Amino acid sequence: MFFLMRCLHHGDMDAAREVHRPAHRAWVQSGGEGRAVVLIGSALLGADGASMGNFGILQVESLDMARAFAEGDPFNRAGIVATIELTPLPDTFQAHRIGEPMTARR
């Protein structure tokens with residue numbers, strides 16, 4: 001199953017993001033300790049160009065696994081994330097068009 005994950009952050013979190021970014025990147029690379037394959041992800045920017053969150057396209061076994069990945073992210077555990085949105089993608093989603101996933105495929 002594939003999900004679009006959007007994590008919207010609380011305002012004024014630039015300093016906290018910098019502190020937790022290395023752990024966040026390690027979490028993504030590990031797939032949340034094997035919970036997910038992260039196909040692609042990046043920061044989300046507001047109209048003013050400031051960071052307002054992050055997104056990812058996840059390959060997981062279930063919605064519960066997607067939620068466990070998102071909730072376990074160091075950004076979330078540090079209180080940076082205000083809301084997590086998980087949207088299922090259709091069976092026709094063409095994941096093969098994404099070249100190099102951020103997490104090794106299982």
Side-chain angles (χ1 to χ4, degrees):
M1 301 177 76
F2 296 97
F3 287 86
L4 170 64
M5 175 191 72
R6 288 187 61 212
C7 298
L8 302 178
H9 297 179
H10 294 286
D12 210 20
M13 287 286 164
D14 291 342
R17 267 191 296 274
E18 285 303 314
V19 168
H20 296 283
R21 185 168 282 118
H24 163 76
R25 287 183 174 159
W27 181 257
V28 169
Q29 288 176 340
S30 76
E33 300 172 346
R35 291 173 177 85
V37 172
V38 181
L39 300 180
I40 193 163
S42 187
L44 291 171
L45 302 179
D48 61 358
S51 184
M52 60 177 266
N54 60 284
F55 82 94
I57 296 178
L58 310 178
Q59 182 178 10
V60 294
E61 294 176 12
S62 67
L63 174 59
D64 289 340
M65 293 298 281
R67 189 172 320 286
F69 174 83
E71 290 176 353
D73 187 315
F75 280 172
N76 186 58
R77 292 192 325 256
I80 295 168
V81 176
T83 61
I84 297 170
E85 300 172 3
L86 296 165
T87 305
L89 298 176
D91 292 340
T92 56
F93 176 69
Q94 297 181 14
H96 66 279
R97 298 182 73 188
I98 299 171
E100 294 291 325
M102 299 175 82
T103 304
R105 292 190 192 271
R106 296 182 247 171

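Because the structure is a prediction, the values reported are computed rather than measured. Residue numbers count from 1 along this sequence.
Remark: Q29 CD to T103 OG1 distance equals 7.5 Å, nearest 0.5 Å. With values rounded to the nearest 0.5 angstrom, Q94 atom CD is found 12.0 Å from L89 atom CG. With rounding to the nearest 0.5 Å, the separation of CG in L58 from CE in M102 is 11.0 Å. Considering CD of E18 and CG of D14, their distance stands at 7.5 Å, rounded to 0.5 Å. Note that CZ of R67 is 8.5 Å distant from CZ of F3, once rounded to the nearest 0.5 Å. Here the straight-line distance linking atom CG of L39 with atom CD of E100 works out to 11.5 Å at 0.5 Å rounding.
In this structure, V81 and E71 have side chains that are not in contact, with every pair of non-hydrogen atoms separated by 4.5 Å or more. Under the 4.5 Å side-chain criterion, counting only non-hydrogen atoms from C-beta, I80 is not in contact with H24. In this structure, the side chains of R35 and V60 stay at 4.5 Å or more apart for every pair of heavy atoms. At a threshold of 4.5 Å between non-hydrogen side-chain atoms, the residues W27 and E33 count as touching.
For R77, the CZ atom is densely surrounded, since the number of other residues' heavy atoms within 6.0 Å is greater than 12.
What you find for C7 and I84 is that their closest heavy atoms are SG-CG1, 4.2 Å. What you find for H10 and M13 is that their closest heavy atoms are O-CG, 3.1 Å. Contact record, N76 with A70: CB-O, 3.7 Å, taken as the closest heavy-atom pair. In terms of heavy atoms, P88 sits closest to L86 at CD-O, 3.9 Å.
Grouping the Ile, Leu, Val, Met, Phe, Trp and Tyr side chains by contacts below 4.5 angstrom, directly or via other members, places V19 apart from F75. No single ILVMFWY cluster, assembled from side-chain heavy atoms under 4.5 Å apart, contains both L4 and L45.
Note: F2 and F93 have tilted aromatic rings, judged against thresholds of 30 and 60 degrees for the angle between ring planes.
There is no side-chain donor-acceptor pair under 3.5 Å between D73 and H20.
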